[in-house]
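Below, each value reflects all heavy atoms present in this structure, side chains not excepted, and no hydrogens, waters or symmetry copies. Nothing here was measured: the structure is a model prediction, and the numbers come from that model.
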Amino acid sequence: MNKLVLSGKTILISGGNRGIGLALSKKMCMLGAQIISLGRSKFDYDGVTPEFSKSFTHYEVDISNHNSLDTIVREITNRNSIDILVNNAGISDFTEFIKSDMELAAKMINVNFVSTVYLTHKILPQMIEKKSGTILNISSVAAVENFANCSVYNATKAAVLSFGKSLRKEVRTQGVNVLNILPGATLTNIWDDDFAREYAANMMMPEDIADAIIEALILTQNNRLMIEELILTPKHGSL
């Protein structure tokens, strides 16, 4: 299938300014898409190509603050019809549960899961109205494989996975695809520096995940099939 199917698409990505989201933004821009990114940190446009700058718009917003998110999403949807929503933003904490910070745990639940539900609820009506669209949820292999010292993170990713599965049953006959992506260990800033240095050689890169996602999105243009779930793991398995 031709990668030109992404040309002219408007794609909203939470966390599109770093990690997997940024890798996806760059590759989609190269294929002719217009990217709208949401993230709590500013984006440094220094060093990016003029072509990317023209195709990439970043809004600085804490997506766990739903009042702020609502204002920005209203502004975006008043100007744009979103073809693809990528729920990518997430935070992590790899701490023994008994030692966990409950404020951080609540923030994780909000960013990783509640904000995914909230943002989807804001964008879905557009897609149903035009009977076309894709919702892509970046979950994790942690949704299906339990790891020690990240119980709350595991739970949020399992919730995202379950949400996507149920939503798909509601909207699949209305022209809307719901695709869950479950990446394994990927070299992003969710890891502390020591862990990243020790295991980097065995991790996937954000660009690897972005390539797989784009191929999956291209295949969704085939009206005879629906890709529901994509599990991506390092060559040698879980770390």
Do you know which of [options] makes side-chain contact (heavy atoms from CB on, under 4.5 Å) with [X]?
X: Leu24; options: Asn88, Ile214, Leu217; value: Ile214
X: Ile11; options: Leu85, Ile35, Asn80; value: Ile35
X: Phe163; options: Val178, Val117, Asn180; value: Val117

Can you measure from [atom1] ([X]) to [atom2] ([Y]) and round to the nearest 0.5 angstrom?
X: Leu136; Y: Leu179; atom1: CG; atom2: CG; result: 4.5 Å
X: Ile138; Y: Leu230; atom1: CD1; atom2: CG; result: 9.5 Å
X: Ile123; Y: Ile82; atom1: CD1; atom2: CD1; result: 5.0 Å
X: Leu232; Y: Ile213; atom1: CG; atom2: CD1; result: 7.5 Å
X: Met28; Y: Leu6; atom1: CE; atom2: CG; result: 5.5 Å

Under 4.5 Å between side-chain heavy atoms, chaining through other members, with only Ile, Leu, Val, Met, Phe, Trp and Tyr counted: pull out the rest of the cluster around Val141, sorted by chain and number.
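Result for Val141 is Val144, Phe147, Leu161, Leu182, Ile231.
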[X] side chain near [Y] side chain, heavy-atom distance below 4.5 Å:
X: Asp93; Y: Ser100; result: yes
X: Asn78; Y: Arg74; result: yes
X: Val48; Y: Ser53; result: yes
X: Ile13; Y: Ser25; result: yes
X: Met127; Y: Ser132; result: no
X: Thr77; Y: Leu12; result: no
X: Leu22; Y: Lys26; result: yes
X: Met203; Y: Thr186; result: no

How close do [X] and [Y] get, heavy atom to heavy atom, and via which atoms?
X: Thr188; Y: Gly19; value: CG2-CA, 4.2 Å
X: Ile63; Y: Val111; value: CD1-O, 4.1 Å
X: Ser139; Y: Pro183; value: O-CD, 3.4 Å
X: Ala105; Y: Val152; value: O-CG1, 4.0 Å
X: Phe97; Y: Met102; value: CE1-CE, 4.0 Å
X: Ser55; Y: Ala33; value: CB-O, 3.7 Å

Write out all pairs satisfying ring-ring contact (aromatic ring centres under 6.0 Å, His included) with one or both partners inside [range], taking only residues at least two apart or from two chains.
range: residues 193-239; value: Trp191-Phe195, Phe195-Tyr199
range: residues 24-45; value: Phe43-Tyr45, Phe43-Phe56
range: residues 114-133; value: His66-Tyr118

The criterion is salt bridge (Lys or Arg N to Asp or Glu O under 4.0 Å); which residues satisfy it with Glu51, sequence neighbours excluded?
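So Glu51 forms no salt bridge (Lys or Arg N to Asp or Glu O under 4.0 Å) with any residue.
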Salt bridge (Lys or Arg N to Asp or Glu O under 4.0 Å) partners of Arg168, counting only residues at least two apart
Glu228
Go through Val73 and Leu119 one step at a time and tell me if the side chain to side chain contact (heavy atoms under 4.5 Å, CB included) criterion holds.
CA-CA 8 Å; Val73 170; Leu119 190 55; 3.6 Å; yes
Mind checking side-chain hydrogen bond (donor to acceptor under 3.5 Å, both in side chains) for [X] and listing every partner two or more places apart, or none if nothing turns up?
X: Ser68; answer: Asn65
X: Ser64; answer: Asp62, Lys107
X: Ser37; answer: His58

Of Thr120, Thr116, Asn112, which is the lone residue that meets side-chain hydrogen bond (donor to acceptor under 3.5 Å, both in side chains) with Asn87?
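Going through Thr120, Thr116, Asn112 one by one, the side-chain hydrogen bond (donor to acceptor under 3.5 Å, both in side chains) with Asn87 is satisfied by Thr120 alone.
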According to side-chain hydrogen bond (donor to acceptor under 3.5 Å, both in side chains), does anything in residues 144-154 pair up with another residue at least two apart or in another chain? List the pairs.
Glu145-Ser238
Sort and list the pairs that fulfil side-chain hydrogen bond (donor to acceptor under 3.5 Å, both in side chains) and have at least one residue in residues 205-214, not counting sequence neighbours.
Lys27-Asp211
Please assess Thr95 against Leu104 for the test side chain to side chain contact (heavy atoms under 4.5 Å, CB included), listing each intermediate value before the final yes or no.
CA-CA 11 Å; Thr95 304; Leu104 177 56; over 6 Å; no
Sequence neighbours excluded, every pair satisfying salt bridge (charged side-chain N to carboxylate O under 4.0 Å, His left out) that has a member inside residues 110-134:
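Pairs touching residues 110-134 that pass the test: Asp70-Lys122, Asp83-Lys130.
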